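In this text, all values refer to a predicted model and were calculated from it rather than measured experimentally. Order of the sequence lines sets the chain letters (A, B, ...), proteins ahead of strands, with each chain counted from 1.
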Amino acid sequence: MAAPESSAAAVPTLYTNNALRNAFGGVLAFFILLLIGVMAFSIRLFSVIKYESVIHEFDPYFNYRVTQFLAKNGIYEFWNWFDDRTWYPLGRVIGGTVYPGLTLTAGTIWWLLNSLNIPLSVETVCVFTAPIFSAFASWATYLLTKEVKGTGAGLTAAALLAMVPSYISRSVAGSYDNEAVAIFALIFTFYLYIKTLNTGSLFYATLNSIAYFYMVCSWGGYTFIINLIPMHVLLCIVTGRFSSRLYIAYAPLVVLGTLLAALVPVVGFNAVMTSEHFASFLVFIILHVVAFVYYIKGILTPKMFKVAVTLVVSVGLAVCCAVIAVLVALVASSPTKGWSGRSLSLLDPTYASKYIPIIASVSEHQPPTWPSYFMDINVLAFLVPAGIIACFSPLSDASSFVVLYIATSVYFSGVMVRLMLVFAPAACITSGIALSQAFDVFTRSIKFQLPGIASNTEVDAAETSSSTAEAQNDVEKSEETSKNRPSKKSKKKEKEEKPLPKAKAEKKRLLALPLDSSVISLLLLILLGALYVVHCVWAAAEAYSAPSIVLTSRSHDGLHVFDDFREAYAWLRHNTDVDDKVASWWDYGYQTTAMANRTVIVDNNTWNNTHIATVGTAMSSPEKAAWEIFHSLDVKYVLVVFGGLVGYPSDDINKFLWMVRIGGGVFPHIKEPDYLRDGQYRIDSQATPTMLNCLMYKLSYYRFVETDGKAFDRVRQTEIGKKYFKLTHFEEVFTTHHWMVRIYKLKPPKNRIRGKTKKPKTKTSTTSSRAKRSGTGKKNPWH
Amino acid sequence: MGKLWVISIASIFMLLPFLGNAFSPESPTDRRVLVLLDDSAIKSSHSIYFNSLKSRGFDLEFKLADDPKIALQRYGQYLYDALILFCPSVERFGGSIDLAAILDFVDSGRDLIIAADSSASDLIREVGIECGVDFDEDPSAMVIDHIGYAVSETEGDHTLIASDDLIKSDVILGSKRIEAPILFRGIGHSLNPANNLVLKVLSASPSAYSANPKSKLSTPPSLTGSAISLVSIVQARNNARILITGSLSMFSNKFFRSGVQKAGEKTKHEKSGNEQFLTEISKWVFHERGHLKTVNVKHHKVGETDEPALYRINDELEYSVEIYEWSGKSWDPYVANDVQVQFYMMSPYVLKTMSHNKKGLYSTSFKVPDVYGVFQFKVEYQKLGYTSLSLSKQIPVRPYRHNEYERFIPAAYPYYGAAFSMMAGFFVFSFVHLYSK
């Protein structure tokens with residue numbers, strides 16, 4: 001049915017029939033999109049259902065606190081907020097150092113709801129921002145993929161993205177982090193770019209700059225956009241695809257986008273000063289040169305043009321060399337070559353671990369392992385190559401962009417596990433294209449083999465499987481719509497070869513596969529999709545829904561809940577003075593300020609390496625030196641996280657080597673080998689004396705032997721080296737139920753200073769009436 | 001209403017521990033002193049000293065050191081504001097007093113006078129060590145000075161020392177100079193030089209040494225010269241004051257009254273310096289001198305009176321504090337030219353000496369540095385003999401707000417001109433380009 005229809009599109013009766021089908025398809029697509037949105041939202045609610053509606057992890061707590069401030073004080077106060085409760089005593093200018101997109105988004109949603117008399121708390125809004133925006137992101141994926149390969153591919157890609165585990169891991173309800181809105185902004189910016197490229201409309205170009213502005217507001221990952229799009233433009237120019245549409249898609253983005261980006265306080269002049277943005281300006285210049293050349297070519301005769309080219313090229317080359325030399329000199333004069341540490345570690349994966357321990361210490365900045373690819377994108381890993389091949393037939397401006405996008409994001413995801421998140425949409429788009437093309441081929445073969453019952457099969461096939469029926473159905477429609485719709489792509493083709501439909505139809509006939517193999521392949525594809533869905537739901541429900549402030553474990557006697565973090569923060573909030581300073585390793589800084597409302601020394605915004613190194617040094621020093629460091633910072637309480645009792649592996653003892661490294665990077669008297677025995681990190685009886693006497697060891701294992709009598713550490717699977725010791729400068733004030741958080745107070749300086757004479761040993765005959773402190777009684781120490 | 005009542009009762013109970021503080025500015029004269037003696041004869045043999053205390057309004061309670069009923073506190077309340085230990089030979093206190101109780105007494109901010117003697121008991125030595133004073137470890141040792149001894153009828157063994165090597169501090173010893181040497185017979189002690197809380201008030205002469213006078217010296221004495229301290233004072237971090245001497249007899253009526261002539265000197269003083277010295281130093285120990293308090297710490301921007309929650313960089317501000325000294329009867333303005341305030345964030349960014357109006361009000365004004373962060377106003381005033389003042393007040397300093405910068409900078413006018421002329425030019429160009437044929 002499809003084949004005759006498309007070949008005879010001009011016949012009036014069929015045309016109306018077609019219009020009806022298009023309208024029906026449009027409505028169907030709309031409802032499918034709606035359902036995809038609902039699915040994207042609801043698959044992320046496992047964390048709320050299994051745990052509770054709380055903010056997750058570390059950074060989201062900071063964002064939550066900022067949002068609270070915004071909701072309470074308004075946008076100007078937020079912009080000028082100087083926070084004196086973190087990074088004591090330096091403080092932090094929050095307004096100027098934070099990407100405000102997420103906060104402003106959630107704040108706006110909260111304000112909107114409240115003005116509609118829907119009294120939701122700020123926390124609720126924050127918890128559900130990420131799921132809402134993942135629905136938006138899947139719709140944006142639909143739009144982007146539709147621009148590239150039609151509606152069918154769009155719907156498939158949207159459905160895949162709605163449940164891709166990599167994205168779920170960062171956007172479950174409660175994961176209130178920049179990435180939650182940034183991925184939407186990223187995809188939407190790409191969509192608008194492709195849309196402008198396809199239509200050449202200045203309207204979309206302006207929208208594109210605004211979307212880019214939103215992305216800049218939201219996430220530091222915007223540099224990916226501002227490097228990828230120039231790369232694509234360059235690719236188009238090099239492959240001879242320069243057109244006025246390309247110019248309109250790119251030039252306004254650079255000009256408006258850079259201006260808008262400079263308005264974001266955290267970016268500011270970085271938008272024109274750092275190397276990350278240079279590529280876009282370079283391509284901007286090249287684009288103008290190319291446009292100028294095309295213009296000149298149009299008005300000159302070919303002979304004159306040749307003369308002009310040789311003239312300009314020889315002069316231009318000289319000028320270029322000079323300019324490049326100056327640029328290189330400028331860049332080389334700055335110590336980091338104008339690149340920030342994070343970006344450098346993208347280009348040279350070993351850079352961070354070599355020079356910046358504070359970047360290397362974050363687990364999400366490590367390179368991913370192979371299983372994590374399978375975990376995070378599952379079957380998409382196999383579909384991506386097929387999708388890339390599909391993008392090449394035929395290669396358009398838009399599909400070349402997708403190829404470029406996936407190629408670069410694969411590289412970046414291989415450098416930093418966090419950037420899997422950028423890779424996931426690309427994988428979804430290419431896989432969506434691959435799946436939709438495959439369905440396209442197979443269903444067309446079936447239809448071709450069974451011309452009589454074509455319409456029936458189509459309906460049957462649509463109803464066979466609930467999960468993949470949508471996709472299959474869409475394929476049908478997409479095929480038709482893309483053929484009928486005068487899209488830019490087909491327009492372009494039409495100019496070149498008029499009798500396209502006929503040729504295509506004949507081609508199709510040749511490509512038809514045998515019926516049985518088509519049906520089997522179709523079933524296998526559906527099975528593949530089903531596997532993917534099962535995996536995604538499992539990942540969403542089990543792997544990625546834990547809020548990390550509440551932990552659970554299943555054992556033979558049922559479910560255990562470890563709520564120690566909130567217990568400790570609540571203790572701090574209720575039992576310490578408002579202005580007391582709490583020192584901990586920086587991981588817990590955001591949570592302490594947000595949940596305990598106490599001033600911290602360092603937090604997860606690792607902007608001052610020296611300050612973090614100071615805390616690291618204190619933790620790696622013996623008690624007295626540590627006390628002096630903390631005392632000089634006015635610290636009252638020290639908080640350590642200890643997992644040895646319940647087997648919580650990401651505790652401070654396991655992070656301790658990073659404290660040593662970061663501390664030693666600034667204060668050279670802390671040397672990593674002092675803490676290692678023959679290159680091995682251990683805390684048992686073989687541990688070095690430096691290790692056994694450092695503050696972190698003591699605070700973690702103080703009184704630990706009282707729990708089981710052996711002091712067996714369940715994380716390290718060993719008995720600890722030094723079991724019985726006393727603290728002289730710290731006193732334990734609170735230990736949570738499962739010993740996961742231990743809080744110590746700095747003892748005040750001694751009221752009196754003792755004399756030199758050693759305190760004599762207590763005589764056994766000391767009477768019990770004496771207080772234990774004196775322990776001196778009657779004795780004669782001199783004989 | 002009932003709830004309010006409960007709260008007020010609760011707050012009274014919460015405040016109770018603080019009400020029993022030792023030196024209370026509200027009722028400084030209400031001072032009960034417990035005197036523990038080895039035997040009751042000391043009460044009469046040292047009566048001049050005790051009477052001088054009584055005449056200054058102290059309420060002395062004499063007990064034998066091994067009295068089984070003595071106690072420093074009852075129901076968590078201290079019964080006394082100061083303790084005098086004239087019991088060098090006591091091995092064990094009676095009642096509930098022990099070393100820990102005495103140290104807790106000091107750590108609660110109360111004062112202590114210890115007089116040891118040769119053959120002082122381990123317990124007294126232990127108290128001394130805890131306060132930072134090391135008595136000579138030889139139990140029979142005494143301080144001997146063959147040059148600086150006090151001349152007496154019999155030749156003796158030169159253990160009665162006439163010393164005049166006093167600390168130079170008006171606040172500790174009073175403004176009146178002590179003319180006569182001070183008689184001392186007893187055990188010497190040494191101080192740890194690293195200990196900044198303890199001060200040597202009366203030190204032995206360079207020719208003195210500490211040894212057993214009855215036996216021959218076989219080894220060099222461990223304590224010699226002016227390293228030997230005869231009388232020391234301690235001011236703990238909570239400003240509790242302690243007087244430690246190695247001689248009980250220097251408080252005795254006999255020493256108070258006897259004339260003194262230092263060997264090798266011609267002048268014979270009718271009366272020894274003991275009475276003046278010990279009376280003056282007891283005034284210091286009992287906070288009648290050198291006790292400072294600060295009130296009314298204020299800071300505000302120049303031209304304003306209200307204290308802001310935070311300052312902006314480059315603000316001009318004024319800081320003031322009132323300092324008073326206890327004179328024994330009333331709080332008098334403290335006058336000194338060396339009180340400094342720091343504007344401190346990890347290190348002092350501003351350090352200024354404050355000017356005063358002779359009525360106790362110290363003030364200064366300065367400009368907040370061009371650095372934002374959480375600063376502190378710090379007054380760290382540690383002067384010999386005075387209570388140490390340590391004030392710190394946290395104050396954040398914020399950067400400029402977005403609208404506090406200059407909107408138009410003169411230096412940028414060429415750029416403004418360029419931008420606007422460019423816009424106008426582009427408009428004209430477009431117009432001409434589009435509509436001219």
Discussion item. Is it true that, when you exclude B/Lys200 itself, more than 12 heavy atoms of the residues, nucleotides or ligands shown sit nearer than 6.0 Å to its NZ?
Written reply: yes
Fill in: Mutual orientation of the aromatic rings belonging to B/Tyr372 and A/Phe82 [parallel < 30°, tilted 30-60°, perpendicular > 60°]
perpendicular
Worksheet item: Can you tell which of B/Arg398, B/Met345, B/His402 has the highest number of heavy-atom pairs within less than 4.5 Å of chain A?
Response: B/His402
Worksheet item: In terms of heavy-atom pairs under 4.5 Å with chain A, which of B/Asn238, B/Asn239, B/Leu310 leads?
Response: B/Asn238
Fill in: B/Val374: which of A/Thr86, A/Thr599, A/Asp84, A/Leu90 passes side-chain contact (heavy atoms from CB on, under 4.5 Å)
A/Asp84
Discussion item. So for atom OH, which belongs to B/Tyr400, do other residues, nucleotides or ligands contribute more than 12 heavy atoms lying within a distance under 6.0 Å?
Written reply: yes
Worksheet, complete the sentence: Turns out that what part of B/Val397 lies under 4.5 Å from chain A's heavy atoms comes down to backbone
Fill in: Side chain, backbone, both or neither of A/Asp634 within contact of chain B (heavy atoms, under 4.5 Å)
side chain
Discussion item. Against A/Ile753, only a single residue in B/Val198, B/Leu191, B/Asn196, B/Asn192 fulfils side-chain contact (heavy atoms from CB on, under 4.5 Å); can you say which?
Written reply: B/Asn196
Discussion item. For B/Leu389, I'd like to know if atom CG has over 12 heavy atoms of other residues, nucleotides or ligands within 6.0 Å.
Written reply: yes
Practice prompt. For A/Lys747, look at atom NZ and say whether over 12 heavy atoms of other residues, nucleotides or ligands are found less than 6.0 Å away.
Written response: yes
Worksheet item: Which atoms of A/Pro749 come close to chain B, meaning under 4.5 Å heavy atom to heavy atom: side chain ones, backbone ones, both, or neither?
Response: both
Worksheet item: Between A/Arg752 and B/Gly132, is there a donor-acceptor pair closer than 3.5 Å when you use the side chain of the first and the backbone of the second?
Response: no
Worksheet, complete the sentence: Nearest heavy-atom approach of A/Arg754 to B/Asn195 is O-ND2, 4.2 Å
Item to complete: Return the option, out of B/Gln394, B/Glu404, B/His189, with the maximum number of heavy-atom pairs under 4.5 Å with chain A.
Response: B/Gln394
Worksheet item: Should we count CZ of A/Phe281 as having more than 12 external heavy atoms under 6.0 Å?
Response: yes
Worksheet item: So what's closer than 4.5 Å to chain B heavy atoms on A/Asn751: side chain, backbone, both or neither?
Response: both
